[in-house]
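What follows is a single structure, written as structure tokens, with notes after it.
Letters A, B, ... are given to chains in the order of the sequence lines, protein chains preceding strands, and every chain is numbered from 1.
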Number of protein chains: 2
Amino acid sequence: MKLSTQEEYGLRCLLQIARLESTSKQPVTIGEISRVEGLSVANVGKFVRALRLGGFVDSERGHTGGYRLARPATEISVRDVLDTLGGKLFDAEFCEEHSGAIGACTHSVECSVRSLWNSVQFLVDRLLNQISLHDMLGGEREFASCLTERAEGLLQVAEVERDSAGPSLAHEHHPPTP
Amino acid sequence: MKLSTQEEYGLRCLLQIARLESTSKQPVTIGEISRVEGLSVANVGKFVRALRLGGFVDSERGHTGGYRLARPATEISVRDVLDTLGGKLFDAEFCEEHSGAIGACTHSVECSVRSLWNSVQFLVDRLLNQISLHDMLGGEREFASCLTERAEGLLQVAEVERDSAGPSLAHEHHPPTP
DNA sequence: ATTAATCTTGACCTTTTTGTCAGCAAAGGA
DNA sequence: TCCTTTGCTGACAAAAAGGTCAAGATTAAT
């Protein structure tokens with residue numbers, strides 16, 4: 001289970017846009033992000049493009065151009081950002097394509113795996129969904145306590161899910177075809 | 001956040017070895033796994049090799065050869081398997097390499113991200129660590145209830161962690177260098 | 001108008017991951 | 001002994017991901 005570089009750096013770039021914009025009140029340029037993150041300008045360009053296509057930032061061209069958050073940092077959830085930059089743990093597409101001829105999962109482990117990935121994704125989503133960009137802008141200490149608070153909330157949600165027979169396990173999954 | 005094919009299929013192969021061995025009492029051949037999982041023989045060979053190097057299966061050569069679980073299915077945790085097949089969410093290596101010249105994270109977001117990845121990994125690890133191969137061998141229904149039970153336990157552990165200032169957030173992380 | 005600063009895009013190259021192949025090694029049965 | 005069935009390995013090929021580059025488009029300042 002790995003993060004793509006687009007997820008890792010895309011999120012960092014977005015955080016920098018939020019951070020730099022909030023102090024300078026100016027649009028944040030690719031050059032600035034490149035400098036503070038230690039990435040090439042061209043590379044940052046790609047990440048920031050993904051962020052723009054995802055609707056997280058607005059761009060302004062020209063001499064005083066740059067990027068701004070499209071919404072307040074409190075209204076951007078890290079989950080949405082990561083989903084846009086890197087996709088889900090598994091794609092639902094596989095489910096449809098192969099279910100016709102054979103019914104459920106061809107592979108005879110009966111897809112216990114899909115239940116597993118599903119609950120992993122469910123758990124992670126629940127956590128990330130409660131974390132906003134704004135939460136990540138304070139110091140690392142503050143954010144750490146924020147994380148544990150959210151994790152606590154998450155647990156309660158998870159217990160409710162358990163009592164109601166667990167929608168987190170209801171999704172379909174088929175593995176990629178080689 | 002994606003699973004590598006080695007994680008996805010390696011785990012499936014291991015499950016098949018456990019399943020087929022338990023019914024036939026014979027070593028499970030690559031050919032059998034290949035058939036039930038719909039993968040090429042050569043490909044299964046690679047996955048199974050990783051499993052052997054990870055110490056999860058033992059091999060026997062020759063006419064009646066094949067693979068057997070190295071330990072009972074109840075004593076193999078899915079977390080260990082996935083860690084071996086795909087590695088951690090982030091590697092600790094980066095932390096050491098770049099900390100000398102600059103101190104903490106160069107990248108000026110102050111590495112709130114590392115706290116984030118850390119807690120995600122912590123959460124996932126806690127869940128997977130409680131799931132054994134054996135848990136995944138029953139029907140999907142049984143496994144689903146197993147998962148929710150384990151998730152419940154996980155929550156309690158997480159709360160303990162919170163009360164003791166959260167070791168889950170204590171680890172270092174630096175992003176890959178481009 | 002011209003220029004300089006900025007974003008935008010598509011094409012290209014490099015690296016990593018994934019999958020295949022051919023040849024070797026071991027073990028059992030004829 | 002020889003042959004068949006199995007696992008084992010390293011080299012290769014294909015595909016995906018990651019990164020760079022060059023040429024364009026837009027805007028503000030001069």
Do any side-chain atoms of residues 50-63 of chain B form donor-acceptor pairs under 3.5 angstrom with protein atoms, and if so which ones, sequence neighbours left out?
unit_1: E60(B); atom_1: OE2; unit_2: R68(B); atom_2: NE; d: 3.1

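- Residue G66(B) is in sugar-phosphate contact alone, with no base atom involved, counting any heavy-atom pair closer than 4.0 Å across all strands shown.
- Contact annotation: Y9(B) side-chain N/O to dT17(C) OP1/OP2 distance is not under 4.0 Å.
- In this structure, the side chains of L137(A) and S112(B) stay at 4.5 Å or more apart for every pair of heavy atoms.
- Atom CZ in R68(A) sits roughly 14 Å away from atom C1' in dT6(C) (whole-Å rounding).
- Using a 4.0 Å cut-off between a side-chain N of Lys or Arg and a carboxylate O of Asp or Glu, E21(B) and K25(B) do not qualify as a salt bridge.
- For dT20(C), the OP1/OP2 oxygens have a side-chain nitrogen or oxygen of S40(B) closer than 4.0 Å.
- Taking only distance into account, the side chain of K46(B) never meets the base of dT18(C) through a donor-acceptor pair shorter than 3.5 Å.
- As a whole-Å value, the separation of Q26(A) CD from dA5(C) P is 16 Å.
- The side chain to side chain donor-acceptor pair (under 3.5 Å) search around D83(B) returns K88(B), not counting sequence neighbours.
- T74(A) is linked by a side-chain contact (heavy atoms from CB on, under 4.5 Å) to P72(A), H134(A), counting only residues two or more places apart in sequence or in another chain.
- When the P atom of dC7(C) is taken as reference, atom CG of D58(A) falls 14 Å away, rounded to whole Å.
- Residues satisfying the side-chain contact (heavy atoms from CB on, under 4.5 Å) test with L133(A), not counting sequence neighbours, are L11(A), L14(A), L15(A), A18(A), L69(A), A73(A), I76(A).
- In this entry the distance linking OH of Y67(A) with P of dA5(C) reads 17 Å, nearest Å.
- Summarising the geometry, atom CD belonging to Q130(A) is positioned 11.5 Å from atom CG belonging to D125(A); distances are rounded to the nearest 0.5 Å.
- Listed pair R52(B) / dT9(D) meets the phosphate criterion, a side-chain N or O lying under 4.0 Å from OP1 or OP2.
- Checked by atom type, the side-chain pair S132(B)/D135(B) shows a donor-acceptor distance below 3.5 Å.
- Distance, R49(B) CZ to dT20(C) C1': 15 Å, rounded to whole Å.
- Using a 4.0 Å heavy-atom cutoff across all strands shown, Q6(A) reaches no nucleic acid atom at all.
- Every residue two or more places apart in sequence or in another chain that forms a side chain to side chain donor-acceptor pair (under 3.5 Å) with S4(B) is listed here: E7(B).
- Residues of residues 28-35 of chain A that place a heavy atom closer than 4.0 Å to DNA chain C, in numerical order, are V28(A), T29(A), I30(A).
- Rounded to whole Å, the distance from CG on L39(A) to C1' on dG18(D) is 12 Å.
- Under the side chain to side chain donor-acceptor pair (under 3.5 Å) criterion, T84(A) pairs with no residue at all, not counting sequence neighbours.
- Rounding to the nearest 0.5 Å gives a distance of 9.5 Å between OH of Y67(B) and CZ of R49(B).
- Between the C1' atom of dG10(C) and the CG atom of L53(A) lies a distance of 14 Å, rounded to the nearest Å.
- The distance between atom CD1 of I17(A) and atom P of dC7(C), rounded to the nearest whole Å, is 9 Å.
- In this structure, Q121(A) contributes its side chain and L89(A) its backbone to a donor-acceptor pair below 3.5 Å.
- Closest to the S59(A) side chain, of the nucleotides dC8(D), dT8(C), dG19(C), is dT8(C).
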Discussion item. Can you build the contact string for nucleotides 23-30 of chain D? Use B for base contact, S for sugar-phosphate-only contact, and - for no protein heavy atom under 4.0 Å.
Written reply: --SBBSS-

Would you tabulate the nitrogen or oxygen pairs shorter than 3.5 Å linking the protein to nucleotides 13-17 of chain D?
none

